[in-house]
Amino acid sequence: MPNRLANETSPYLLQHKDNPVEWHPWGEEALGRARAEDRPLLVSIGYSACHWCHVMERESFEDPEIAALMNDRFVCVKVDREERPDVDAIYMDAVQAMTGQGGWPLNAFITPEQAPFYCGTYFPPEPRHGMPSWRMVLIAVADAWERRREEIREQSAGIVRSLQASARMAPSTDPIKDTLLVDAVTALRRSYDPANGGFGRAPKFPPASTIELLLSRGEREMSLATLRAMAAGGIYDQVGGGFARYAVDATWTVPHFEKMLYDNALLARAYLHGWQVSGEERLREVCCETLDWALREMRGPEGGFCAALDADSEGVEGKFYVWTVAELHDALGPLAEPAIAHFGASERGNFEGANVLEAHGPRPSSLPEIRRRLYDVRADRVRPGLDDKRLTAWNALMIAALADAGAALERDDYVRAAIGCAEFILRDLRDDHGRLLRTWKDGRGRLRAYLEDHAFMLEALLTLYEATFDQRWYDEAVALAEQMARYFADGDRGGFFMTAEDHEQLAARRKDLDDSPIPSGSSSAAFGLLRLAALSGEQRYERHAVSVLRLLYPIAVKHPHGFGHLLRAVDFYLAPVKEVALVGGGDRAGELLRVVRGAFRPHLVLAGGSGEAGPDQHVPLLAGREPLDRRAAAYVCEHFACQAPVTEPEQLAALLG
């Protein structure tokens, strides 16, 4: 049978279309063949920017003899984890349960009924470092299936039951109290690295959701120090802006060089909020440099954003980004010495004989020119591969970042980019019934969207509404909230499932739990619905949100680093949220807006309009609100009580605190 990946849209699957392995995409054809032939499936999961996925492909999947063994004994399936997070999540749970660790590439051997019975990650072509070779694994698993398939089926049924555990979680009836958040911050302090910023030991992932939680709680030391440390480290691209996925060390020096859209969207907002809290100019710069990088290098002509940049170029990890001292001299001439001092470059380098640039030395006045020259020289190098699919969820994160920064920094270009991306999603990533789709490439949207796509878009649309006061974004947010409630809500135990009720049948129907490395669909749904409830006054949305909190907050407060966004939702739920309605136009309206947007206000929702009868008055928070004596006015409510409207910026600042 031929390899069946040539007609897929995923760049990761297309990378494997010429393998001698007879790959199928995940779907009924592969599953039906496995059932008909009573053969196990080999489900190999990865993503285009994954370094070790590429290594295993070169070593094993391109080897004709190994491919022949795979084809003879298994139905082979390739999965892009970014397109199919539902399939990935099930088998990631399985590999972690079986081995105590996870990662990609993920290789799962499953029965024709989709039950996993053996899982692992990377396997070498020959035995080394205590690992069996991939050939040995294939032969052992195939022989076990031939000899003990009924026993395997019985045992794997128990594994499937454990994979369904998240759907069986019962809500807590204990009160949701602020002391739990105090305990969570205390727990974070115990794992905080005071020398280097961040939490825990190497490898270190950028903790965007944790930083946002700490800033929302009024904590400054851990949050700001971590932002400063990452901005100065090699995990941040000192030449072109943007963050790599993680650092392999505790000091943020050497990154794993892939750049993911989601990391940069989340971190741009964290840096924006860090600047709003501290006034530190470098934090504002990093926010803008990160968004500028995304606009320059990741945005497509239709307005959407590509998923990721690879870690490798010319088959070498990090080659595009690192510099020898000689290369710095060649590129910079007389500016090389101040650049070398600033970036800490040395003849030995800090990464395989070259330098990952950091920013710990004195900042020269010529730094903008240094960066420009290095960027121009680097542009002539072979670029890392671009995963140019557009994912709804990750684009939603970027919409929110651009809208938030555009409003706070008065950057119309950011707001326009957010609008363009939202229009693209709502136009091109919907099916004929108005349901969201997951992924788009080359003019084609496909795959029914998941909870995180809906939840991230709900949060993004509310942020975009607050940045523009355009009624259509509020209306679209309401429509998405209704779809989430209809298709994803668990009416029995509360919370939301990862997949819609009419999704294809998989081994388990899971619920998203932790917020690492990005917010879970559950946490985002809770936060977005709480904000929508505050804007709309519709308590159904709050009830759905609280059902998520009751499922997860007992776990979250014990493991706060993995539940930052969920705890932000708890913080919002418990806080005295200020509901601000701003009506009227003119310069005075702009002055009132600057008061609201000029500070980090995590416990506030904002609506705005002309104050005249018209479509913008459909936002319930604006109902009955009018300018005062033809002057723009702000109405502030809190805990079901409203203050008298004000027209002066100083009065509004006093009400907001």
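Source: prediction; values computed, not measured. Residues: numbered from 1 along the sequence shown.
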| message | Run the side chain to side chain contact (heavy atoms under 4.5 Å, CB included) test on Y414 and C288 for me, step by step, so that the C-alpha distance in whole Å, both residues' side-chain angles and the decisive distance to 0.1 Å come before the verdict. | response | CA-CA 10 Å; Y414 290 168; C288 293; 3.5 Å; yes
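- Using a 4.0 Å cut-off between charged nitrogen and carboxylate oxygen, D490 and R509 do not count as a salt-bridge pair.
- In this pair, W26 and Y91 present their aromatic rings tilted. The plane angle is within the 30 to 60° band.
- In this structure, R448 fails the cation-pi test against Y487, since its NZ or CZ atom is not both closer than 6.0 Å to the six-membered ring centre and inside 45 degrees of the ring normal.
- From L462, atom CG reaches atom CG of L535 across 6.0 Å, with rounding to the nearest 0.5 Å.
- Aromatic ring orientation, F496 versus H544: tilted (interplanar angle from 30° to 60°).
- With a 4.5 Å cut-off on side-chain heavy atoms, S44 and W23 count as touching.
- A distance of 10.0 Å separates OG of S536 from CD of E542, quoted to the nearest 0.5 Å.
- For the residue pair Y541 and A481, the shortest heavy atom distance occurs at CE2-CB, 3.9 Å.
- Listed for the S524 side chain is no donor-acceptor partner under 3.5 Å among the backbone atoms of P519.
- None of D86, D93, D88 except one satisfies the salt bridge (charged side-chain N to carboxylate O under 4.0 Å, His left out) rule with R510; the exception is D93.
- Judged by distance alone, the side chain of S547 and the main-chain N or O of G495 form a donor-acceptor pair under 3.5 Å.
- Annotation for A545 and L529: closest pair CB-CB, 4.0 Å, computed over non-hydrogen atoms.
- Between atom CG of residue L402 and atom CD1 of residue I419 there is a gap of 10.5 Å, rounded to the nearest 0.5 Å.
- Pairing each heavy atom of A393 with each of F456, the nearest pair is O-CD2, 3.3 Å.
- Judged by distance alone, with hydrogens and angles left aside, the side-chain atoms of R4 form a donor-acceptor pair with the main-chain N or O of P2 at under 3.5 Å.
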| message | salt bridge (Lys or Arg N to Asp or Glu O under 4.0 Å), that's the test. Do E482 and R486 meet it? Break it down for me. | response | CA-CA 6 Å; E482 295 297 332; R486 176 180 176 184; over 6 Å; no
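- Put simply, the side chain of Y262 does not reach to within 4.5 Å of the side chain of L391, judged on heavy atoms.
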| request: Determine, stepwise, if the pair Y450 / H503 fulfils ring pair (Phe, Tyr, Trp, His ring centres under 6.0 Å). | output: CA-CA 9 Å; Y450 302 97; H503 194 73; 5.6 Å; yes
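- A donor-acceptor contact shorter than 3.5 Å is absent between the side chain of R269 and the backbone of L397.
- Residues Y321 and P384 meet the side-chain proximity criterion, which asks for heavy atoms closer than 4.5 Å.
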| Worked verdict on Q15 versus S48 for side chain to side chain contact (heavy atoms under 4.5 Å, CB included) | CA-CA 8 Å; Q15 288 169 2; S48 69; 3.6 Å; yes
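- Between the CZ atom in F320 and the CZ atom in F257 there is a gap of 12.0 Å [rounded to 0.5 Å].
- Between F243 and Y236, the two ring planes are tilted [angle within 30° to 60°].
- Looking only at atom types and distance, the side chain of Y271 has no donor-acceptor partner in the side chain of E289 under 3.5 Å away.
- Checking D404 against H273 by side-chain atom types alone, a donor-acceptor pair falls below 3.5 Å.
- Residues V478 and E538 form no side-chain contact, since every pair of their non-hydrogen atoms from C-beta on lies 4.5 Å or further apart.
- Looking at heavy atoms from C-beta onward, D470 lies out of side-chain contact with L464 at the 4.5 angstrom threshold.
- With hydrogens and angles disregarded, a donor-acceptor distance shorter than 3.5 Å links the side chain of N107 to the backbone of T121.
- In this structure, S166 contributes its side chain and K511 its backbone to a donor-acceptor pair below 3.5 Å.
- Side chain of E113 to main chain of A115: no donor-acceptor pair is present (N/O by atom type, distance under 3.5 Å, no hydrogens or angles).
- The minimum heavy-atom distance between P206 and R245, with the atom names listed, is CD-O, 3.1 Å.
- In this structure, N7 places its CG atom where only 12 or fewer heavy-atom neighbours from other residues, nucleotides or ligands lie under 6.0 Å away.
- Of all non-hydrogen atoms in A534 and V605, the two that sit nearest each other are CB-CG2, 3.8 Å.
- Side chains of D515 and S209: a donor-acceptor N/O pair is absent below 3.5 angstrom, by distance only.
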| task | Decide yes or no on side chain to side chain contact (heavy atoms under 4.5 Å, CB included) for L261 and C306, but give the supporting numbers first. | result | CA-CA 7 Å; L261 183 67; C306 300; over 6 Å; no
| query | Run the side chain to side chain contact (heavy atoms under 4.5 Å, CB included) check on R33 and H24 step by step: do they pass? | reply | CA-CA 10 Å; R33 180 184 167 199; H24 296 69; 3.0 Å; yes
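- Shown here is E37, whose CD atom has more than 12 heavy atoms of other residues, nucleotides or ligands within 6.0 Å.
- The line from NE2 of H565 to CZ of F527 is 6.0 Å long, rounded to the nearest 0.5 Å.
- Within the 4.5 Å cutoff, the side chain of W394 has no heavy atoms near those of the F305 side chain.
- Distance alone, capped at 3.5 Å, is enough to place a donor-acceptor pair between the T392 side chain and the L437 backbone.
- Side-chain N or O atoms of N71 include one that pairs as donor or acceptor with a backbone N or O of E22 at under 3.5 Å.
- Side-chain contact between L5 and L14 is absent, with no heavy-atom pair separated by less than 4.5 Å.
- Side-chain N or O atoms of D512 include one that pairs as donor or acceptor with a backbone N or O of G521 at under 3.5 Å.
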| said: For E302 and R390: C-alpha separation, side-chain torsions, deciding distance, then whether salt bridge (Lys or Arg N to Asp or Glu O under 4.0 Å) applies. | reply: CA-CA 10 Å; E302 77 296 327; R390 281 64 150 171; 2.9 Å; yes
| query | What do the steps show when you test E57 against K78 for salt bridge (Lys or Arg N to Asp or Glu O under 4.0 Å), and what is the final call? | reply | CA-CA 11 Å; E57 179 188 16; K78 251 301 167 193; over 6 Å; no
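- Taking the six-membered ring where tryptophan is involved, the planes of F109 and Y118 are tilted, since the angle between them lies from 30° to 60°.
- D310 and H54 share a donor-acceptor pair across their side chains, judged by distance under 3.5 Å alone.
- Contact check for M92 versus W104: side-chain heavy atoms found under the 4.5 Å cut-off.
- If you run salt bridge (charged side-chain N to carboxylate O under 4.0 Å, His left out) between D80 and each of R438, R446, K441, K389, only K389 comes through.
- In this pair, F61 and W134 present their aromatic rings perpendicular. The plane angle is above 60°, beyond the 30 to 60° band.
- The heavy-atom pair separating G434 from Q483 by the smallest distance is O-NE2, 3.4 Å.
- Side-chain atoms of Y47 and E258 include a donor-acceptor pair closer than 3.5 Å.
- Electrostatic pairing of D413 and R411 counts as a salt bridge here, judged by a charged N lying under 4.0 Å from a carboxylate O.
- Taking CD1 of I425 as the reference point, atom CE of M457 lies at 6.0 Å (rounded to 0.5 Å).
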